[in-house]
Structures are given as structure tokens and as C-alpha cells.
Amino acid sequence: MSESTGDHLETPTLDKESGGLLRDIACHGGYAFVSMAAQAAGDLRAAEASREMAWEQLHSGPWHSVLPIWRDAYSMACLHVASFHYRNGEFEEALRALDLGLIMGGTLLKKDLESSVGKVTEKSREARISAGGSNGVLGKRLINQEIDMTEVHRILPLKSLSTKIVVKRSALSLEAFLHEYFLSGSPVIITDCMSHWPARAKWNDLDYLESVAGYRTVPVEVGKNYLCSDWKQELITFSQFLQRMQSNDCPALLTYLAQHPLFDQITDLRKDILVPDYCFAGGGELRSLNAWFGPSGTVTPLHHDPHHNILAQVVGKKYIRLYSSSLSEELYPHSETMLCNSSQVDLDNIDEQFSEVVDLEFMDCVLEAGEMLYIPPKWWHYVRSLTTSFSVSFWWSNSEDSTDS
């Protein structure tokens, strides 16, 4: 049974801004939320009710149309709920509430959420040690990174690894990268550039990942890929995700932690990586830093992204196929606005109406652990994990478009 900590979470931003925030929420019709939030400091049921009200507002339409005030309202409610659980010594429940605030909430209360995560994590660690649990000295359950290339060729799209392979350059200088690849918009694999990352030695150890992030809540994708009708998203703990990844038996339940800013959420993992110098080419700025972690068989369908991209392969192997941005029309982009950067062509099973795509020029590669792939803006790419795989993508912009959204 949990015991009270006799302590509380410090929320200086919330203490300062709550009055104005509640007034703004009321101005946008959130009177019921304001009523519940006013009682939340002394009533867990009121705190939970206000969080549920904000959650409903977050899911009232497309994510981009949600008013920012409701994201901040959700953060506020998550802090109230987490504070109750923390005082009762219910650290896992407190962490879940705080993670939901970080994932789904706004920016106003982010510092309060982050500092509370740090405090709850430390208390949780102390509680596990005093209860005779892990003290952080763990064994090693290593991720299997071996592949059978005969089997790989059987499952890859037609003509894979038979035409133009992406060039590899060892320890490429920033100047050479800029002049030979960045300015011309040409993909390149850079080897021997990640050996100094702590992640290279740590992330293939499931026990390390469990110890750093096991109780944290993360968003995952379930199903073949985001273009399939049975695809869905879930919020589960990192520990549950690792368990699913290891029992990867059913393709319909394939679970992928994809394009998530995990390193903003779990700072211990952020300490394990470094931003490559290549991301400063062009004088722009880093736009996003995302994690891609999942079992063998996860697929990101053919699509393009708006920014320069370094995909750093930390653990495992991936097959990647690239088509030039000049071939956009021939790759049949979806007409819907939300999917206009994705192709209608399923490279794993090309429909007869798209049969000419088979003859389009492309380049491809198997990206190995310890290698980085530069993908220029608007280049179409298809990605398949050949083993359990943990990758990091670094998006950055040119200086001339650094003010774009």
C-alpha cells in the first residue's frame, strides 16, 4: 500500500498563471472546466473530471484546429492529478499524468511538468531501492541485430539493392558534406561518425532502456502503417512497449514508437546522443529531433518531408529506398491535404494502375548501426526495419526558410 510522502510538487508557473489561465478558459466557454479546476486542489474527483473535460476538447476535431488554451488547460489538470498521486506515494500514476501533460498539453506549463517529472522519478527510484528493487545495476538483455540477407531480399520491394546504391563516405568533413551533397541535394551515407555517442553502447541493452524509461508513458502506432485502415495510436508505458516489441508475433499488432520527440520527454536518453555538425550546414536551425524505435517489419510508407534530414541508425538495420523530388508527380501523391506528402503507391504490393512506378529510377541502401543517412528535402523515401531498430531523425532548415512554419 502506498504511503503519503508528506511532500508536494512545486509548480511555480501554474501558481503564477492559474488565475489568468482560468479566465481565458472561461472566455472560450470552459465554465464547467473552471468550476471543476477551482475544486481540484482538494478533490481528486474534481481534478480527474477537469482533465476529462480538457481531453474531450483535445479530441473535438483535427489536432491542428484545437485551441491552444485547451492544451494548457489539459496540462493544468494533469498537474493537479499528478500532485494527488505524488502526495499519496503513487509515483507511477503521477508519472503517467505528467507524461500525458507533456505529450498532449500546451507549452505554458511545460517547465512545471518537466521539473515534476524529475522529482517524481527520483522519489520512485528511491522507493524501489528501499523496497529491495533494482538499484540501477542491471544485467544485459541485448537486442538481436542479425539478419538473413536471403530472407531480406525475399521481403523487400521489387528491384531492391540491384541498381543504384547510396554512396558511403567515412567520417565526411562538414566542408565536403556541404559542397558535395548538401548544395546539390544528393543523399549520402556517412560512416564512422557516431562511435562517441553513449547511445551506441547503451541502447542495444533492453535493461538499460527499461531502467531509464520503463515507467514513462509514450505514444505508439499499432498496425502495418498509417495509411492502412486498421492502423491506430495508443498511449502505453515504455515497459509495455518493450514487452510488445519482444513478442512480435502478430503483424496486425505491430507496435512502433514513430516520429516522437522522445528526447524532449525523457532527458536521460537525450544525454546519450549528440546533434551532428552536418545539421548546421546552410546556417539554418534544428526543427525537430525524433525517435523511431520498433521491431523488425515496421514500415514507413513512401513519403517526403519538408526539411533536411539526417537519419542516424543507433541500433539495428533498416532498408531505405529514395526517389528524387523531381519524380513527385510520377509517384502519385494523395490528394487529401493531410496525406499530400504520402504516395498512393504501396511498394510492397504495387497495384496494376501504378505499374510504371517499377521502372522509375531510385537509389537504396541497408543502413547499418553507426551510420547516418542524409535525405534532402522533398526526396521521397520508403523505410523498412530489418531487425529491431532504434533510429534518430534530425530535421533542420536552411537559413532562408528558417522563419517558415
Other residues, nucleotides and ligands only: do more than 12 of their heavy atoms fall within 6.0 Å of [atom1] on [X]?
{"X": "E151", "atom1": "CD", "answer": "yes"}
{"X": "E356", "atom1": "CD", "answer": "yes"}
{"X": "E336", "atom1": "CD", "answer": "yes"}
{"X": "D277", "atom1": "CG", "answer": "no"}

Does any N or O in the side chain of [X] come within less than 3.5 Å of the main-chain N or O of [Y], such that one atom is a donor and the other an acceptor?
{"X": "D205", "Y": "D207", "result": "yes"}
{"X": "H303", "Y": "P301", "result": "yes"}
{"X": "S60", "Y": "Q57", "result": "yes"}
{"X": "T298", "Y": "G294", "result": "no"}
{"X": "S355", "Y": "E352", "result": "yes"}
{"X": "T217", "Y": "I236", "result": "no"}
{"X": "D112", "Y": "T13", "result": "yes"}
{"X": "S83", "Y": "L79", "result": "yes"}

Nearest heavy-atom neighbours spanning [X] and [Y]:
{"X": "G106", "Y": "S75", "result": "N-OG, 3.2 Å"}
{"X": "A47", "Y": "A77", "result": "O-CB, 4.4 Å"}
{"X": "A94", "Y": "V120", "result": "CB-CG1, 4.1 Å"}
{"X": "A54", "Y": "A73", "result": "CB-C, 4.2 Å"}
{"X": "V345", "Y": "L302", "result": "O-CB, 4.4 Å"}
{"X": "S389", "Y": "Q313", "result": "OG-NE2, 2.8 Å"}

Looking at [options], which one forms a ring pair (Phe, Tyr, Trp, His ring centres under 6.0 Å) with [X]?
{"X": "H308", "options": "Y278, W395, F182", "value": "F182"}
{"X": "Y374", "options": "Y181, F177, F394", "value": "F177"}
{"X": "F390", "options": "W292, Y256, W197, F293", "value": "F293"}

Evaluate the side-chain proximity of [Y] to [X]: yes if any heavy-atom separation is below 4.5 Å, no if none is.
{"X": "I375", "Y": "D305", "value": "no"}
{"X": "R71", "Y": "V66", "value": "yes"}
{"X": "L109", "Y": "T11", "value": "no"}
{"X": "I266", "Y": "V212", "value": "yes"}
{"X": "K202", "Y": "L209", "value": "no"}
{"X": "I189", "Y": "M372", "value": "no"}
{"X": "P219", "Y": "I103", "value": "yes"}
{"X": "T388", "Y": "V315", "value": "no"}

Strictly below 4.0 Å, N to O, side chains only: are [X] and [Y] in salt-bridge contact?
{"X": "R128", "Y": "E126", "value": "no"}
{"X": "R45", "Y": "E48", "value": "no"}
{"X": "E122", "Y": "K119", "value": "no"}

- Query: With respect to E368, which candidate in R200, K168, K317 satisfies the salt bridge (Lys or Arg N to Asp or Glu O under 4.0 Å) definition?
  - Reply: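 Result: among R200, K168, K317, K317 is the only option passing the salt bridge (Lys or Arg N to Asp or Glu O under 4.0 Å) with E368.
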- Task: Report the C-alpha distance between S239 and T237 in whole Å, list the side-chain angles of each, state the deciding distance to 0.1 Å, and finish with yes or no for side chain to side chain donor-acceptor pair (under 3.5 Å).
- Result: CA-CA 5 Å; S239 181; T237 66; 4.9 Å; no
Side-chain H-bond candidate by donor/acceptor type, [X] with [Y], under 3.5 Å:
{"X": "Y208", "Y": "D268", "value": "no"}
{"X": "N341", "Y": "H334", "value": "no"}
{"X": "S393", "Y": "Q259", "value": "no"}
{"X": "T191", "Y": "E371", "value": "no"}
{"X": "H304", "Y": "H381", "value": "no"}
{"X": "T387", "Y": "S296", "value": "no"}
{"X": "D364", "Y": "Y382", "value": "no"}

- Message: Please evaluate residues E361 and S324 with respect to the criterion side chain to side chain donor-acceptor pair (under 3.5 Å), reporting the C-alpha separation (whole Å), side-chain torsions for both, the decisive distance (0.1 Å), and the verdict.
- Response: CA-CA 8 Å; E361 181 178 322; S324 169; over 6 Å; no
- Message: Between M149 and I147, does the side-chain contact (heavy atoms from CB on, under 4.5 Å) criterion hold? Intermediate values first, please.
- Response: CA-CA 6 Å; M149 284 308 296; I147 58 174; 3.5 Å; yes
- Could you go through the side chain to side chain donor-acceptor pair (under 3.5 Å) check for H85 and E92 one step at a time? CA-CA 8 Å; H85 289 306; E92 290 180 36; over 6 Å; no
- Check against side-chain contact (heavy atoms from CB on, under 4.5 Å), D359 and K159: CA-CA 9 Å; D359 297 318; K159 296 186 176 182; 3.3 Å; yes
- Item | Geometric cation-pi criterion R321 and Y319, 6.0 Å radius, 45° cone |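 Ring-cation test returns no.
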How long is the straight-line distance from [atom2] of [Y] back to [atom1] of [X], given to the nearest 0.5 Å?
{"X": "L9", "Y": "S116", "atom1": "CG", "atom2": "OG", "answer": "4.5 Å"}
{"X": "S50", "Y": "L22", "atom1": "OG", "atom2": "CG", "answer": "9.5 Å"}
{"X": "I69", "Y": "D24", "atom1": "CD1", "atom2": "CG", "answer": "4.5 Å"}
{"X": "L289", "Y": "R287", "atom1": "CG", "atom2": "CZ", "answer": "14.0 Å"}
{"X": "S391", "Y": "L257", "atom1": "OG", "atom2": "CG", "answer": "11.5 Å"}
{"X": "C365", "Y": "L367", "atom1": "SG", "atom2": "CG", "answer": "5.5 Å"}

- Message: What verdict does the ring pair (Phe, Tyr, Trp, His ring centres under 6.0 Å) test give for F33 and W70, after you've listed the backbone C-alpha separation in whole Å, the side-chain angles of each residue and the deciding distance to 0.1 Å?
- Response: CA-CA 10 Å; F33 175 92; W70 282 111; 5.8 Å; yes
- Message: Quick check on the 6.0 Å ring-centre criterion: do Y332 and F354 meet it?
- Response: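 Yes, close enough.
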- Yes or no on ring pair (Phe, Tyr, Trp, His ring centres under 6.0 Å) for W379 and Y323, after CA distance, side-chain angles and deciding distance? CA-CA 6 Å; W379 271 64; Y323 292 87; 9.1 Å; no
- Item | Derivation and outcome, salt bridge (charged side-chain N to carboxylate O under 4.0 Å, His left out), residues E234 and R244 | CA-CA 13 Å; E234 295 180 2; R244 283 197 201 179; 2.7 Å; yes
